[in-house]
Every structure is written in C-alpha cells, then in structure tokens.
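Right, one structure below, let's go through it.
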Amino acid sequence: MRVATWNVNSIRARLPRVLEFLERKKPDVVCLQETKCLDEQFPREPIEEQGYQIASFGQKTYNGVAILARQRIEDVIRGVGDAEDDREARVLCATVGDLVLVNLYVVNGQEVGAERYHYKLAWLGRLRTFLDHRIDKSEKVIVTGDFNITIDDRDVHDPERWREKILCSSAEREALANVMGWGLKDAFRKFHEEGGHYTWWDFRTLAFKKGWGLRIDHLLMSPAAFEACTNVEIDLDSRTGEKPSDHAPVIAELA
DNA sequence: ATGGTGGATTTTCCA
C-alpha cells in the first residue's frame with residue numbers, strides 16, 4: 001500500500017499535476033489539503049477515471065480536505081464535531097482497507113502571538129481530544145497532512161533565521177508533541193535521520209530555487225502502521241515544472 | 001525591500 005499526503009493549494013488549479021502524480025506514482029490512497037472548493041466543485045470525473053474513489057470535505061475559497069483511494073472509502077468523519085472548529089474544513093477521517101486515515105489541514109497561525117496563532121495551539125489541543133474519543137489506536141492509524149509545524153530543527157533550512165518564528169516555535173512543537181503523545185511516530189524519520197529534507201517552499205521568497213524549505217507535511221503513524229511502514233519519500237518532481245503547488249507530496253509505503 | 005508569488009474572488013484575504 002502506498003499512502004500519499006499533498007497540500008495541492010487548489011485542486012482545480014492543480015488538477016493536471018494531480019493526474020500526472022496519480023499516473024506516475026500510483027498511490028493507493030492520497031490525502032489532499034487546501035482543495036479550496038465546495039464539494040460540488042471538486043473535479044471528480046478525471047480522478048474517478050483513473051480508478052479512484054473520492055471523499056471530500058470542502059468549503060468555498062479556503063481550506064478543504066479530500067481522500068482519494070483505489071479501494072472503498074468507509075466510515076467517513078467530516079470535521080471534529082465542534083461547530084466552531086468545523087466552520088473551517090480541516091479534518092477528514094476514513095477507513096480504507098485496514099488503514100484508518102486522519103487527514104488534516106492544520107491552522108497556519110499567521111505569526112507567533114497572533115490571534116490565529118493562539119487558535120492554532122488550542123485547535124491542536126482539541127485535535128488530541130478528538131483522537132482520544134473517536135480513533136482506535138490499536139488499528140493501523142495514519143494521521144497525516146499539512147501540520148504547518150516543523151518537528152525539530154532538522155526540518156528547517158536555516159534554524160537560526162526561523163528561531164521561534166511561525167511554523168517553528170516551541171509552543172507549536174509542544175502542541176504537536178502532545179498530539180503525537182496519543183501514540184504516533186513520525187514515519188519519515190524511520191528512514192531518514194538527517195536534516196535537509198523539506199516539503200514546503202514559500203512562493204513569495206522564490207524559496208524552492210534557493211533551497212529555503214521546511215518539512216511541515218507529515219505521516220504520523222500508530223504502532224501497527226509504523227511497524228508496517230517500509231519507506232517514506234518526498235516527491236520533489238511534483239514541486240518542479242509547470243504550475244506546481246508550494247508543497248511537495250510525501251509518500252509512505254506499507255507492507 | 002516587513003518585499004516577493006500564487007489562488008480564489010475581488011478590489012482583498014490567506015498563505
């Protein structure tokens with residue numbers, strides 16, 4: 001089984017790149033973030049023609065998450081069940097075969113100290129509660145998506161420049177560590193101990209060609225999934241060429 | 001250069 005996560009920054013703008021990715025990498029499951037459209041605007045047909053089922057939890061203009069899968073998508077949960085949080089479409093859970101997927105687009109937070117930053121930290125606390133109550137950690141659980149948080153300084157191209165900045169602050173990392181404390185490990189680090197691997201490069205600073213990346217897209221796994229995981233790779237080819245997203249996909253292989 | 005680019009929708013928000 002190949003499971004991918006990718007912040008596509010608009011599924012409609014990125015459709016040619018997504019179709020090329022499905023063809024080239026043949027993932028069994030893809031968790032998408034920032035689809036940026038209502039469910040009825042989701043370009044289902046070309047994706048279904050490549051053999052995928054689709055579950056989507058979208059909204060107009062912002063946010064939006066979706067799961068694509070070659071097998072039947074079951075037990076879908078849209079949002080975390082909190083009316084205020086679920087005004088933003090950021091969480092979509094489903095089971096595919098023996099995998100439980102929790103697909104996340106975590107709040108960005110704008111800048112350290114901003115109102116949205118405090119919302120981000122509190123949101124992560126409520127996510128932990130959601131996992132506690134709604135997800136069975138004895139299953140092969142993959143909590144994945146755009147976390148908008150680096151786990152440690154190895155995930156940062158220039159740790160001093162980013163010290164205590166948004167996406168890298170201690171409080172964000174502690175809030176993520178609390179989520180991981182539910183029983184999740186970073187599958188990427190099972191195979192790559194060294195720094196220098198990134199998944200997002202800011203459009204605004206033309207960061208990709210300068211190598212100014214951060215690793216903020218993660219595949220966090222319960223013990224059963226982590227044990228079954230045989231590889232994790234970042235698909236840099238999807239970050240080059242015509243109209244790329246600002247994020248690269250990450251793909252995990254499970255036995 | 002507290003800038004820059006990109007997407008959706010609009011005359012700006014968000015990243």
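Values below: every heavy atom of this structure, side chains too, minus hydrogens, waters and symmetry copies. A, B, ... follow the sequence lines: proteins, then strands. Residue 1 opens every chain. Quick caveat, the model's predicted, so the values are computed rather than measured.
Between B/dT9 and B/dC13, the distance separating the two C1' atoms is 9 Å to the nearest Å. For the P atom pair drawn from B/dT12 and B/dT2, the interatomic distance equals 22 Å after rounding to whole Å. Across the C1' atoms, B/dG4 and B/dC14 are found 15 Å apart, a figure rounded to whole Å.
Sequence order on DNA chain B of the closest nucleotides to A/Lys243 and A/Tyr105 puts A/Lys243 first from the 5' end. Of the residues near DNA chain B, A/Thr35 and A/Arg116, the one whose nearest nucleotide (by heavy atom distance) lies more toward the 5' end is A/Thr35.
Residue A/Gln110 contributes atom CD, which lies 17 Å from atom P of B/dT12 at whole-angstrom precision. Distance OH (A/Tyr62) to P (B/dC14): 5 Å, rounded to an integer number of Å. When the C1' atom of B/dC14 is taken as reference, atom OH of A/Tyr117 falls 19 Å away, rounded to whole Å. Atom CD1 of A/Ile216 and atom P of B/dA15 are 11 Å apart (whole Å). A straight line from CD of A/Gln33 to C1' of B/dC14 spans 16 Å, rounded to a whole angstrom. The CZ-P distance, from A/Arg14 to B/dG7, rounds to 5 Å in whole Å. Taking atom CD of residue A/Glu88 and atom C1' of nucleotide B/dA15, one finds them 13 Å apart after rounding to whole Å. Separating the CG atom of A/Asp202 from the C1' atom of B/dG6 is a distance of 10 Å, rounded to the nearest angstrom.
With distances taken from any side-chain atom of A/Leu206 to the nucleotides B/dT5, B/dA8, B/dA15, the minimum falls on B/dT5. Taking the side chain of A/Phe203 as heavy atoms from C-beta on, and the options B/dT9, B/dT5, B/dA15, the nearest nucleotide is B/dT5.
Between A/His192 and A/His197, the ring planes lie tilted relative to each other; the angle falls in the 30° to 60° range. Using cut-offs of 30° and 60° on the angle between ring planes, the pair A/Trp200 and A/Trp162 is perpendicular.
Using a 4.0 Å cut-off between charged side-chain N and carboxylate O, A/Asp237 and A/Lys25 make no salt bridge. Ion pairing between A/Glu193 and A/Arg154 holds under the 4.0 Å rule for side-chain N and carboxylate O. For A/Asp86 and A/Arg78, the salt-bridge test fails: no basic side-chain N is under 4.0 Å from an acidic carboxylate O.
Applying the 4.0 Å criterion to OP1 and OP2 of B/dA8, one finds that A/Ser10 has a side-chain N or O inside that range.
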